[in-house]
Amino acid sequence: MKPSIPKGTRDFLPSQVAKRNFIFETIKSVFSKYGYVPIETPSMENLTTLTGKYGDEGDKLLFKVLNNGDYLSKADQQALEDKNSSALTKSIAKKGMRYDLTVPFARFVTMHRNDLAFPFKRYQIQPVWRGDRPQKGRYQEFYQCDADVVGSDSLMYEAELVKIYDDVFSLLNIDVNILVNNRKVLFGIAEAVGVADKFIDMTVAIDKLDKIGEEGVVKELGQRDINNDQSQRILELLKIDNLTALSEAFQDCPEGLKGIEELRKFHSYLDQTETYNNITFDISLARGLSYYTGCIFEVKASNVEMGSIGGGGRYANLTESFGLKDVSGVGISFGAARIFDVMEELQLFPKKITQSIKALFIAFDEETHNYAFKQLSILRSKGIAADLYPSPSKLKKQMKYANDINVPYVILIGTDEMSSGALTLKEMETGEQRTLSLDQIAQLLV
RNA sequence: GUGGUUGUAGCUCAGCUGGUUAGAGCGCUGGAUUGUGGUUCCAGAGGUCGCCGGUUCGAAACCGGUCUUCCACCCCA
């Protein structure tokens with residue numbers, strides 16, 4: 001049979017894993033610096049944990065895990081007969097693959113609340129699964145790197161998380177624009193024009209402003225039962241790009257004013273420090289996931305066409321559905337696969353990260369091969385990553401291998417080198433050769 | 001989930017309105033070069049033309065189905 005992998009999934013070659021780890025290590029180092037600690041949760045969660053958290057669209061994209069055993073005999077016979085898939089699903093699948101890291105984290109916090117010190121700051125780097133139709137930069141299995149803090153509603157954390165974005169992307173050399181908005185501001189708009197009951201519909205439409213333009217948004221709003229007059233007023237409010245003017249428009253919208261107040265406070269923290277990247281207030285930023293309640297973030301790469309490479313926000317009530325009230329959380333997520341694609345496109349990966357060893361020994365015959373193995377062991381015992389070509393093959397073949405694995409140095413050992421102890425060290429990039437003792441080589445490579 | 005698109009050597013792709021033994025570049029293997037890779041030259045290996053079925057004397061090409069890729073929508077990292 002012909003081997004294949006499921007749609008939207010990928011294998012990773014050694015060089016790709018090396019690059020991905022470079023991204024992960026960079027992100028981890030920043031998370032740690034800010035005091036976040038790592039946790040892990042299972043790939044599968046109970047469907048009761050996951051359903052209803054991501055909106056109707058999200059529920060459709062959840063991967064369900066078929067029950068083990070004789071699941072058909074326990075299935076909902078009526079649903080089976082009616083060919084009602086969604087009703088049947090409940091009776092034959094009680095587990096699902098995690099869709100993001102935030103909801104499982106809320107479940108985790110609720111279950112382990114007595115073991116955690118609040119505010120609790122955690123990071124988590126694990127794959128998630130979505131039954132979405134694949135496209136470029138969009139997979140059914142992909143890694144997310146999340147940092148969240150729960151147990152405090154201080155806007156200091158919003159500022160801190162934006163600083164983390166700023167640090168990570170400047171370390172990775174990606175120029176980004178960090179967009180910020182507040183859900184309460186959006187609610188204020190809905191309130192101000194009298195469509196508070198259609199809040200979600202409104203956010204979905206205005207989120208597309210930069211994509212489909214004003215006309216498109218009006219059309220979209222119309223399809224969602226928001227009349228032309230209301231739509232025009234929404235567009236006018238969206239043109240306001242400073243908080244002072246916005247607060248005047250929100251005279252009678254306490255929720256909207258609160259959103260403005262939060263943004264001000266957030267900025268007052270951020271203003272105490274310098275940032276490398278642009279941080280922009282974007283009133284049309286909405287974000288799809290319905291659990292956000294306060295500040296929301298999205299990160300876009302400046303120099304390349306790609307969907308967002310990070311997103312996050314404040315969720316005041318996420319643990320409530322698990323029975324834990326008044327625990328506010330805020331978090332951010334990095335889309336590792338897309339960051340990978342952006343860095344590949346802009347050629348931002350350092351060449352060094354695909355180097356696995358510092359030096360490769362090359363021997364000319366059986367006797368020197370044995371001797372080289374001894375020298376190799378000595379070098380390794382000094383903590384230097386090194387290897388020996390497994391047989392004294394033709395030099396050309398061994399050198400080609402050295403070239404293929406991108407090793408910076410080769411150490412040539414023939415009869416002369418073995419008898420004198422003076423080894424030939426060749427630097428691959430320049431081709432320059434030197435005669436040195438193993439000790440000298442070790443010192444050079446440390 | 002809706003509409004479209006793609007699939008030919010390890011990779012990137014040619015292959016005309018259906019007609020002999022399906023090609024190129026790169027890569028790979030060997031040689032030119034018995035102590036030197038990344039350059040050059042020569043030779044060679046490698047293909048159930050995504051898969052299943054249909055039309056036809058004859059299918060890589062036409063038709064249907066299916067899987068996959070990418071694109072738009074939906075949504076999102």
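Worth saying up front: this structure is predicted, and the values here are computed from it rather than measured. Per chain, numbering begins at 1; letters A, B, ... match sequence-line order.
Taking the six-membered ring where the residue is Trp, the centroids of A/F340 and A/F142 are separated by 6.0 Å or more. Between A/F334 and A/Y165, the ring centre distance stays below 6.0 Å.
In RNA chain B, stems built from 3 or more consecutive Watson-Crick or G-U wobble pairs, each with both distances under 3.5 Å, span B:1-4 with B:70-73, B:10-13 with B:23-26, B:28-32 with B:40-44, B:50-54 with B:62-66.
Nucleotides B/A32 and B/C49, compared at atom C1', are 36 Å apart to the nearest Å. On the P atoms, B/A59 is 12 Å away from B/U20, given to the nearest whole Å. Spacing between B/U21 and B/U34 at atom P, rounded to whole Å, works out to 43 Å. Comparing B/A72 with B/U29, their P atoms sit 40 Å apart, to the nearest whole Å. A distance of about 15 Å separates the P atoms of B/C67 and B/C52, rounded to the whole Å. Going from the C1' atom of B/U12 to that of B/U69 covers 15 Å, rounded to whole Å. One P atom belongs to B/A22, the other to B/G27, and the distance between them is 25 Å to the nearest Å. One P atom belongs to B/C73, the other to B/C16, and the distance between them is 34 Å to the nearest Å.
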Is there a side chain to side chain contact (heavy atoms under 4.5 Å, CB included) between A/R314 and A/I296? Walk through the geometry before answering. CA-CA 6 Å; A/R314 164 81 58 182; A/I296 45 181; over 6 Å; no
Evaluate the side chain to side chain contact (heavy atoms under 4.5 Å, CB included) criterion for residues A/Y54 and A/D100: first the C-alpha distance (whole Å), next the side-chain angles of each, then the deciding distance (0.1 Å), finally the verdict. CA-CA 10 Å; A/Y54 308 106; A/D100 71 357; 2.7 Å; yes
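Note on A/E57: only backbone sugar-phosphate atoms sit closer than 4.0 angstrom, heavy atoms only; bases stay farther off.
Projected onto RNA chain B by closest heavy-atom contact, A/T9 and A/L61 fall at different nucleotides, the more 5' of which corresponds to A/T9. Between A/K60 and A/V204, the one whose closest nucleotide on RNA chain B sits nearer the 5' end is A/K60.
No donor-acceptor pair under 3.5 Å is formed between the side chain of A/N278 and the backbone N or O of A/T280.
Ring-to-base geometry does not place A/F334 in a stacked arrangement with B/A77 (centre distance under 5.5 Å, plane angle under 30° required).
Here A/R122 pairs with A/D148 in a salt bridge; the nearest charged N to carboxylate O distance falls below 4.0 Å. Checked for salt-bridge contact, A/E262 and A/R183 miss the test: no charged N lies under 4.0 Å from a carboxylate O.
Aromatic ring orientation, A/Y315 versus A/Y292: tilted (interplanar angle from 30° to 60°).
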Treating primed atoms plus P, OP1 and OP2 as sugar-phosphate and everything else as base, which nucleotides of nucleotides 28-38 of chain B get B, S or - for protein heavy atoms under 4.0 Å? SSSSB--BBBB
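In this structure, CZ of A/R138 is placed 11 Å from C1' of B/A72, rounded to the nearest angstrom.
Proximity of A/K7 to the phosphate of B/U68: a side-chain N or O atom is located under 4.0 Å from OP1 or OP2. Note on A/R133: every side-chain N or O is 4.0 Å or more away from OP1 and OP2 of B/C73.
Side-chain N/O atoms of A/T424 and A/Q433 include no donor and acceptor closer than 3.5 Å.
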